[in-house]
Every structure is written in structure tokens, then in C-alpha cells.
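I have placed the structure first, in the form of C-alpha cells, so that the comments after it can refer back to it.
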2 protein chains.
Amino acid sequence: MRRMTARPGNAHQARLLRLLRDGGPNSRAQLGDQVDLSRSKLAVEVERLLETGLVVADGLAASRGGRRSHNIRLAPALRFLGVDIGATSVDVAVTNAELEVLGHINQPMDVREGPVAVFEQVLSMAAKLKASGLAEGFDGAGIGVPGPVRFPEGVPVAPPIMPGWDGFPVREALSQDLGCPVMVDNDVNLMAMGEQHAGVARSVGDFLCVKIGTGIGCGIVVGGEVYRGTTGSAGDIGHIQAVPDGRPCACGNRGCLEAHFSGAALARDATEAAQQGHSQELAARLAAVGSLSAVDVAAAAAAGDATALDLIREGGNRTGQVIAGLVSFFNPGLVVIGGGVTGLGHTLLAAIRTQVYRQSLPLATGNLPIVLGELGPTAGVIGAARLISDHLFSPA
Amino acid sequence: MRRMTARPGNAHQARLLRLLRDGGPNSRAQLGDQVDLSRSKLAVEVERLLETGLVVADGLAASRGGRRSHNIRLAPALRFLGVDIGATSVDVAVTNAELEVLGHINQPMDVREGPVAVFEQVLSMAAKLKASGLAEGFDGAGIGVPGPVRFPEGVPVAPPIMPGWDGFPVREALSQDLGCPVMVDNDVNLMAMGEQHAGVARSVGDFLCVKIGTGIGCGIVVGGEVYRGTTGSAGDIGHIQAVPDGRPCACGNRGCLEAHFSGAALARDATEAAQQGHSQELAARLAAVGSLSAVDVAAAAAAGDATALDLIREGGNRTGQVIAGLVSFFNPGLVVIGGGVTGLGHTLLAAIRTQVYRQSLPLATGNLPIVLGELGPTAGVIGAARLISDHLFSPA
DNA sequence: ACGACTTTTTCCACTCAGAGGACAAAGGGA
DNA sequence: TCCCTTTGTCCTCTGAGTGGAAAAAGTCGT
């Protein structure tokens, strides 16, 4: 089938497309309740959208007691591709135009193999999803990469953990390979957009989304829009000093948050604890698998292992201390914690909360929920789909 | 004379008023170059503005080689009142519609005397300015207070250093007393707006403005707009922990930045150093005046006093450390340092720069100027005038 | 001084988005 | 069945805004 080529012709049409994306099928009358346009104008714009094929009629709407009305919905054949490239794995998912995930694949991978190898893998994963009948093609794709991005051009800039990616024209290249429009952003920003669209951050205008994975980053949402900073590196909180004269960090400084707590740091600490015999539980796991990760620490903690719990609490304290500073500065309406270590769950959350509520002023923390993300690994890919759909559903 | 009652009737008129405010007198043709409206439409809107009296004709424009054209300017009788309430003093200024300061008074004062006493003083200062012939009345007033403000209502909320102000309807009350529209904001935000309008931050979209006075605060500008946070306490960085287990702070925690460096902390440290005989220079000043302030430390430092220099450097290091974290997080395009301690000058600035450039990542600091504010005490009052003019020069 | 060329302003006819009312179509409830 | 409500369609009217023509008022070269 031919892919979506049309774009909304004006701001009204863009608005309607977004309403249909976020609210699902709607009758013309229901749309009219939301957009403050006259019925005639609305009818004209809907008619034009129907002509483009972006939306289609979809049976009868639930009756509200008058003349029966027909539903309108986004074309059911539209497909977005969401790609979330992490440090050690990739997530690829297909969504429909309402951003519902129809299929999702996760595979291990190492970003350091460089963009060419990684995108080869991504394309084969996308092909697999296509082959399973979920899509006949893609109308747009959103890509998340674990480092700063010059957003307008879709190019990674000086990414510390991704040597070989600096300046690689991700947007350009993937747009060619996939044959559809592509937008690229930092993975943390996409997670924030995902939680905003379908997770805990719905209806919150200003919030922070802290992602603790291999590294640590923070998505910043201001007035419903992701804030990316002057050079695209906003939210890069992994290298904020958490411990004066603390551990050496790969960035050359000492005491960076990331050096003391992150997926990588946690794995290292756990391995060390196991080798030094501080924890039977961890030692057993190390012996069984050969290496430890955050997942093992989570499991050990769940089994009641004191060392594992201490590691988590200590990390939570450090993280909480940094977040407390950010809360004072930014005064968000919500803080979301997500990423690979979310499995550490409430032990981690409790430690973070304790620090923040103790250190920040009551006016900032008074009504401040600090919660775990509710989408887990799908936050990134949903955010990616959201990114490209925001782009496509905006006036040309 | 009757005061301004008219307001722009639509977004175009508002746009034109702001252009005239920021660019001074302009011919219709020059305005046309900036607004992307047809000549005819522009002529209509200008005509309507002339009818309201908000703008007036103002002689001939500089010739560009064709038919002579007449300048348009904002009504020369328009007057805004800018009020900057600090912890220990008040600044009151009158500006014209182009936000040029026509008269400026500074008086010592103690906010803790409460809103009624303070506003009595402010009103008498405003009356003095009026009496000196600078204004026949005020068309609007902007007020800055040293604490968080619920912005839409113009009411201080839970201000730590201003007991008795919590919930006081500043906007309402002053609007009554002055008989003109009033807007209220945090003093730090106003300083940021001042530097943005007439100071170092012109043409920068995203920047931070750190004000070090009796306390420490930070104005946050995102995309040219001040960001105030969910409860109006954004930028409250004085209580970020700068020293683990450091000095006790009035807020109940330990190690807050404000407890280690601020006008108040500096005065205390200097007094202690003088009393313990560490510094002849400071001891002499203490003996002469009876108490020390940041100004004395600045003077001692200028005279080469080692103790004073150490105090400044130490404070700069602490401040720089906190700012380094904020820079990593926010990735601003500029950092402005201002407030009462600006007199400490380049010693302070150098210490801050050292910390930030060392601790933050190159991508964030690569092209990041860290500079002193260039407006000094007028930044606040200009920002206040800007605040109310933005309000008045927006579509009703 | 005069003509050629520019710039600025004014006037006017024309387009087009959008509002809003009238009316038709198609239900529900007493 | 009758009446009321909701929804969809049609049509007219308004007002914002565009763009061209022409007039007004300069500059500059010869």
C-alpha cells in the first residue's frame, strides 16, 4: 500500500489529528465540543481530512440522544516506528496512529559498535515486525539515542558513551533507509514524552523524568514541551557532583552522580561485594551467571539481602540529593523515576523521596509526587512514536 | 492628565506597541519591515493606535531616499513605576513607555516590618518622584518582592525572609493605592527580565540569572519567557546543599548555599575574621563603622586584603559548584551574575567560572559566557517596568 | 533646473476564512 | 404518535487581510 504522503493543511487540521490521536475515534459533534470552531468550519476541515485519507469514517458513534452520528478515526493502516537505542540494547516497536503499541522487540546490542552496525540491526528488527504482518510500511519513525542530539538536524553531538556517532546524520540516513520522515532525540526526552502521553505524567505541565539506566539523565518538560537546552544537552545530570572528591568518573572529574550510582556503577559495586564475601546472595548469582547487573541486585534485594539493600539505599540517597537540588531549582509538578533500575522499586523510591522531602523547601515539595514510571521499557518507544506524530501532525 | 486607559485591541497592535517600546520611534515603513503585514493593514492598525492615544506622531523619520515619512512613537507622557523590594532596601524608579529610567530612588528599609509599613514607604517614594515633575501619574507598576509569588494573583507565598507577607494581596492593594494596573513577581525574575531587556542578556533565549544579595536566587528564562515553576518557587537555589553536613541554615537543614555564601553570610564571616584578628583591614573597618557588610569586604579585597580575598574565593567556589550543576541540568546560553555582591567583581567571577568550566561537560560550557550583570541596581526596576508593560501591551 | 528613479502613503477592489442562522435528517421518550 | 433533542448540511454575511494602482514627496545625476 502507498504510505501517508499527506500532511495537515492548516493548524485546525493539525489540531483535529492530534485530538483523534489522543482521544481515539470521535464523532464530528464530539470534536466540535473540543475545538471552538463553528460546525460548518469543522465540517469543512473534516471533509478535507477525509479526502486526504488521513482519517476515515468508522461506523456509528454512541448515541447521545439525537440524530445518529458517524465516528471519525485516524486511518487504521497508519504505522509509526519507535526506536529506543540504549547503551546495551535496542527497543523497536510499531504503533498505530493512536500510538498504541502493536508489536515490540527488544534485543541486546552495544552502541559502541557504531551507527552503521546498530542501524543494520534496527532495520532488520523493523523488517521482522513488518514480516509478522503488523505493518506494510511506516509512515514515520522516531529514534532515541543515549546522548545529546542537535535536535533540528537530528544529529548526535559529542556523545560520551557513543564514540563514532558524533556528527553521524542519523535522521538523514534513516529517512533514506526507511523511506519515511524521521525525528531523532535523546532517549531520556523520549521517555519523558512517553510518560506524558500514556503514563503517569498525563495532565502535568512541568515535570522531570529521571532515567537511571547504564547512565543517568533527566528529561525536562516545560509547559508540556520538552526543553532541550541551548546545545541539546539539557538534562545531562549524570555528571553533577554528588560526592565531593568522590570516585573518579570517565568524564575526568570526581564524584559524579553517575560514577556512584547507575546501572554500570551498581553492577560494579555488586560484583565487588560478592567477591569480597559481603553477600552470599550476590556471590551465588555471580558464580551462576559469571557477571552481575542491576537485575541481580534487584533480585537479591527482593530476597532480603542486606548488602543489596544497602547498595540501593545508598544510591537512592545520592540520587535523591541531586534531585533535591533540581527540585529546588525547577519546582516541578511531578518527578518520574524510570529506566533500567526501576526494578529496584520501592526501596530506591523511598530513599529518593526521603532525601528530596528532607532537603527541599516545603513550598516546592508540598504537593510534589515522586513516582516510578508506569510504562517501563515501552515509555521510550511510545515517546518516539509521539515525537514523529507530533511532527507529522503539525501544519506543513 | 488622564492616565492610559486604552489597551491594544488585537495581537497586531500589541506587537507594534512592543516594537516601539523596544526599538524606540519608528516610521510606518520601518515597522512594516518587521511585522509581515501588508502596508494597508499596517496603516489601519497604526491609525487605530493613534486614535487611542497610545502612540503619537513624532516628527519626520530619517530619510531613506524617498518620500519623507513621519515617525510614530509611544505616547511620551506614559509612565511606569518600577519597584524592587529587597531584604534591606527598596528601589523605586519611574520610566517612560520605552522603559528608560527617568528617576530612581533607593532607600534603606527592612522587609520584616511588614507589607503595610513597606508600602507606605514605597508610596511616599513614588510621590516624591511625582513631585519632582517626572510623572503626573502612573499607567502601570511592576513590583518585585524577595520571595516566591503566586504569579497570576500577585500574592507572596510562604516567603521565608518576609514573615507577615504570606498571602498579603500585594497586587490588589497596590493597584488600589496607585490607581493603575499592577503586576507582582519575584525580585530575581525581574532582574532577569531587566538584563534581558536592556542588559547583557539581549538576544539570548535561554539563560540563568543568579542574584547574590542578602540571599541567593536564580531567574530562569526559557525561550525568552521567565519560568516560574509549579508553585512559583522555581529558582530558589539558596537552599541547595553546597556543603555536606555544613553550617546550619535558617531553613533547618545544614550546608545550604545561602548559609555559606550570601550577603548575610559574608558579613558574618568578615566580622568574625575581624574580631579574631585575621585581617587588619577588616578590623579597622569594623572599628570605624561598627558593623561589616559585603561592601566592606569588597573594599578590603580591592585593597589587597588576603582574608577578604579568601572569603570571596571560597564563596565563589561554593556558588560555582552549585551553578555547575545547574548548567549541566539546564544547558543555558548565558549565565548572569548580579545582586548586591556584584561589587566583589572579578575575583568572585573568576572563582565561579573556574568551578563551572571544570565541573560541567564541554558541550554545555563550550560556548557559555558567565558574566556580571551590567545594569546593577537598575536591573530590578527596569525588569519591573518590563513586566507591567508586557502585561499592558498584550491583547486584552 | 529638470527629469528619472525611489520611497512612502493612501485608496480600492478582491479574496477567503470563518461565524451563525435556517433547515433537514434522525434519533429518544412520554 | 407527537414533541424535543442532537447532528449534519447549506447558505449568506461579515470582516480581516492582500496586492495593485496612483499620488505624494523625496534623492540623485546631468
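Atoms considered below: every heavy atom in the structure, side chains included; atoms not considered: hydrogens, waters and symmetry mates. In what follows, chains are A, B, ... by sequence order, proteins preceding strands, each numbered from 1. Quick caveat: nothing in here was measured; it's all calculated off a predicted structure.
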Rounded to the nearest Å, what distance is computed from the [atom1] atom of residue [X] to the [atom2] atom of nucleotide [N]?
{"X": "B/Gln13", "N": "D/dA16", "atom1": "CD", "atom2": "P", "value": "11 Å"}
{"X": "B/Arg15", "N": "D/dG17", "atom1": "CZ", "atom2": "P", "value": "14 Å"}
{"X": "B/Asp36", "N": "D/dG17", "atom1": "CG", "atom2": "C1'", "value": "12 Å"}
{"X": "B/Gln30", "N": "C/dT7", "atom1": "CD", "atom2": "C1'", "value": "12 Å"}
{"X": "A/Asn10", "N": "C/dC16", "atom1": "CG", "atom2": "C1'", "value": "13 Å"}
{"X": "A/Leu42", "N": "D/dG8", "atom1": "CG", "atom2": "P", "value": "9 Å"}
{"X": "B/Leu31", "N": "C/dT8", "atom1": "CG", "atom2": "P", "value": "12 Å"}
{"X": "B/Leu50", "N": "C/dT10", "atom1": "CG", "atom2": "P", "value": "10 Å"}

Heavy atoms from C-beta onward define the side chain here; which of [options] lies closest to that of [X]?
{"X": "B/Arg39", "options": "C/dG18, C/dA19, C/dT9", "result": "C/dT9"}
{"X": "B/Arg28", "options": "D/dC10, D/dT9, C/dT10", "result": "C/dT10"}
{"X": "A/Ser69", "options": "C/dC12, D/dG8, C/dT9", "result": "D/dG8"}
{"X": "A/Ala29", "options": "C/dA19, D/dG8, C/dC12", "result": "D/dG8"}

Practice problem: Would you sort out whether B/Asn331 and A/Thr231 count as a side chain to side chain donor-acceptor pair (under 3.5 Å), showing the intermediate values? | Solution: CA-CA 7 Å; B/Asn331 187 20; A/Thr231 57; 3.0 Å; yes

Exercise. Assign each of B/Ala43 and A/Lys41 to its nearest nucleotide of DNA chain C by heavy atoms, then name whichever residue's nucleotide is nearer the 5' end.
Key: B/Ala43

It should be established whether [X] places a side-chain nitrogen or oxygen under 4.0 Å from OP1 or OP2 of nucleotide [N].
{"X": "B/Ser38", "N": "D/dT18", "result": "yes"}
{"X": "B/His70", "N": "C/dT9", "result": "no"}
{"X": "A/Arg68", "N": "C/dG27", "result": "yes"}
{"X": "B/His12", "N": "D/dG17", "result": "yes"}

Self-check item: Test log, rule side chain to side chain contact (heavy atoms under 4.5 Å, CB included), inputs A/Phe330 and B/Phe330
Solution: CA-CA 9 Å; A/Phe330 186 72; B/Phe330 185 72; 6.0 Å; no

Quiz item: Is a side-chain N or O of A/Thr230 found less than 3.5 angstrom from the main chain of B/Gly333, in a donor-acceptor match?
Solution: yes

Quiz item: Has the side chain of B/Ser175 got a donor or acceptor atom that lies under 3.5 Å from a matching backbone atom of B/Cys180?
Solution: yes

Quiz prompt | Polar side-chain contact B/Ser40-D/dG19 base: donor and acceptor under 3.5 Å | solution = yes

Quiz item: Is it the case that B/Arg21 and B/Ser389 place a side-chain donor and acceptor less than 3.5 Å from each other?
Solution: yes

